[in-house]
Amino acid sequence: MGGLLKQKPRPFYKDPLVIVIVILTFILLCRILFAVNYRGVYIVGSSMNPTLYDGDFVYISVYGEPDYGDIVVLETDGEPIIKRVIAMGGDSVYMQQGVVYIMYEGEDGYTALEEDYLSSKYCTLSLAVNSFDAVYVPEGYIFVLGDNRDNSKDSRSYGCFSLSSVDGVVTEWSLKYKDFFTAVYG
């Protein structure tokens, strides 16, 4: 019997070239999704010491609204700045000898803000810049301060920032691994 043997076709997923193409396509799609949602930012200056230092590299999420305590990148006078959200629309805030007091919208009294991220090295209580009278934050705005209270141009200089001036929020995972990202991209 001299008939031809018919080979069973090989499943496409066992072809090494197909596997490589699928992996590369997956990596490319992940990279595109990451680039659409996140942007890398180099820190310039000392206004966020000791949380972020000059030359650090972090990622910001370009979607979503900031919340209390978030670190945000804002546009002011055509320049980006990075600060921490202290108060939001409807709140009132003041500072007395380095201690921030906030009256949240709908509440009757001020509460001292617990700021464990601050260092006494960067907040001299007796400096005039570390005391200011109560400021009301309008709806659609935020009040921000640098973690280096002695050396930061923030809402004490510029006033409240509109939410539309927020470029993005620094991600928690980016802060956690900032030393790695700084080493790779710095």
Side-chain angles (χ1 to χ4, degrees), residues 38-176 178:
Y38 302 101
R39 195 171 80 223
V41 175
Y42 284 102
I43 307 306
V44 177
S46 62
S47 73
M48 285 301 292
N49 291 359
T51 306
L52 297 170
Y53 291 95
D54 187 49
D56 279 351
F57 184 90
V58 293
Y59 282 100
I60 61 171
S61 172
V62 295
Y63 294 109
E65 295 285 321
D67 202 359
Y68 296 98
D70 284 346
I71 298 173
V72 295
V73 173
L74 303 148
E75 285 294 325
T76 180
D77 299 332
E79 293 291 321
I81 62 171
I82 188 163
K83 305 295 173 202
R84 187 178 299 274
V85 176
I86 300 299
M88 302 185 71
D91 298 339
S92 292
V93 61
Y94 75 92
M95 185 188 292
Q96 186 173 13
Q97 294 186 331
V99 178
V100 174
Y101 296 89
I102 186 166
M103 181 169 42
Y104 297 102
E105 182 177 29
E107 292 190 359
D108 295 334
Y110 285 90
T111 304
L113 193 59
E114 290 186 33
E115 298 182 285
D116 57 351
Y117 45 82
L118 292 182
S119 166
S120 60
K121 179 179 178 181
Y122 301 105
C123 187
T124 307
L125 305 180
S126 61
L127 285 180
V129 72
N130 288 323
S131 292
F132 60 85
D133 292 332
V135 174
Y136 174 76
V137 183
E139 290 298 329
Y141 285 78
I142 56 176
F143 186 93
V144 298
L145 294 172
D147 289 356
N148 181 350
R149 300 290 162 78
D150 292 349
N151 187 23
S152 178
K153 288 185 88 175
D154 44 41
S155 287
R156 294 173 292 180
S157 304
Y158 299 112
C160 297
F161 288 88
S162 72
L163 288 173
S164 64
S165 67
V166 176
D167 285 344
V169 177
V170 175
T171 63
E172 286 296 321
W173 54 265
S174 178
L175 284 174
K176 184 175 181 180
K178 73 177 169 119

Report the distance from atom [atom1] of [X] to atom [atom2] of [Y], rounding to the nearest 0.5 Å.
{"X": "Ile142", "Y": "Ile86", "atom1": "CD1", "atom2": "CD1", "answer": "10.0 Å"}
{"X": "Asp77", "Y": "Tyr158", "atom1": "CG", "atom2": "OH", "answer": "5.5 Å"}
{"X": "Cys160", "Y": "Met88", "atom1": "SG", "atom2": "CE", "answer": "11.5 Å"}

I need the full list of ring pair (Phe, Tyr, Trp, His ring centres under 6.0 Å) pairs touching residues 75-102, with sequence neighbours left out, sorted by first then second residue. Tyr94-Tyr101, Tyr94-Tyr110

By the side chain to side chain donor-acceptor pair (under 3.5 Å) test, which pairs, at least two apart or in different chains, include something from residues 54-76? Asp56-Lys178, Tyr59-Tyr185, Tyr68-Asp91

With sequence neighbours excluded, give me every side chain to side chain donor-acceptor pair (under 3.5 Å) pair touching residues 160-170. Ser162-Ser164

Is there a side-chain contact between [X] and [Y] in this structure, where contact means two heavy atoms from C-beta onward sitting under 4.5 Å apart?
{"X": "Asp150", "Y": "Asn130", "answer": "yes"}
{"X": "Val93", "Y": "Val100", "answer": "yes"}
{"X": "Glu139", "Y": "Glu105", "answer": "yes"}
{"X": "Tyr53", "Y": "Ser46", "answer": "no"}
{"X": "Ser92", "Y": "Ile102", "answer": "no"}

Keeping [X] on the side-chain end and [Y] on the backbone end, is there a donor-acceptor pair under 3.5 Å?
{"X": "Asn151", "Y": "Ser47", "answer": "no"}
{"X": "Arg156", "Y": "Val129", "answer": "yes"}
{"X": "Thr124", "Y": "Leu127", "answer": "no"}

Quick one: do Thr111 and Met103 satisfy side-chain contact (heavy atoms from CB on, under 4.5 Å)? Show the steps, please. CA-CA 6 Å; Thr111 304; Met103 181 169 42; over 6 Å; no

For Tyr141, check ring-ring contact (aromatic ring centres under 6.0 Å, His included) against everything at least two apart and list the hits. none

What pair of heavy atoms forms the shortest contact from [X] to [Y], and how long is it?
{"X": "Tyr104", "Y": "Leu113", "result": "OH-CD1, 3.8 Å"}
{"X": "Val137", "Y": "Ala87", "result": "CG2-CB, 3.9 Å"}
{"X": "Val144", "Y": "Val85", "result": "CG1-CA, 4.0 Å"}

Check the pair Phe161 / Ser155 against side-chain contact (heavy atoms from CB on, under 4.5 Å), numbers first and verdict last. CA-CA 7 Å; Phe161 288 88; Ser155 287; 3.7 Å; yes

What do the steps show when you test Phe143 against Leu145 for side-chain contact (heavy atoms from CB on, under 4.5 Å), and what is the final call? CA-CA 7 Å; Phe143 186 93; Leu145 294 172; 3.8 Å; yes

Are there more than 12 heavy atoms of other residues, nucleotides or ligands under 6.0 Å from atom CD of Glu114? no

Exactly one candidate in Val166, Val169, Val170, Val72 meets side chain to side chain contact (heavy atoms under 4.5 Å, CB included) with Ile60; the answer is Val170

Under the side-chain hydrogen bond (donor to acceptor under 3.5 Å, both in side chains) test, which residues partner Ser152, sequence neighbours left out? Lys83, Asp154

Those residues that, when tested against Asn49, pass side-chain hydrogen bond (donor to acceptor under 3.5 Å, both in side chains) (two or more places apart): none

Dump the intermediate steps for side-chain contact (heavy atoms from CB on, under 4.5 Å) on Ile43 and Ile82, then the final yes or no. CA-CA 8 Å; Ile43 307 306; Ile82 188 163; 3.6 Å; yes

Arg149 bridged to Glu115 by N-O distance under 4.0 Å: yes

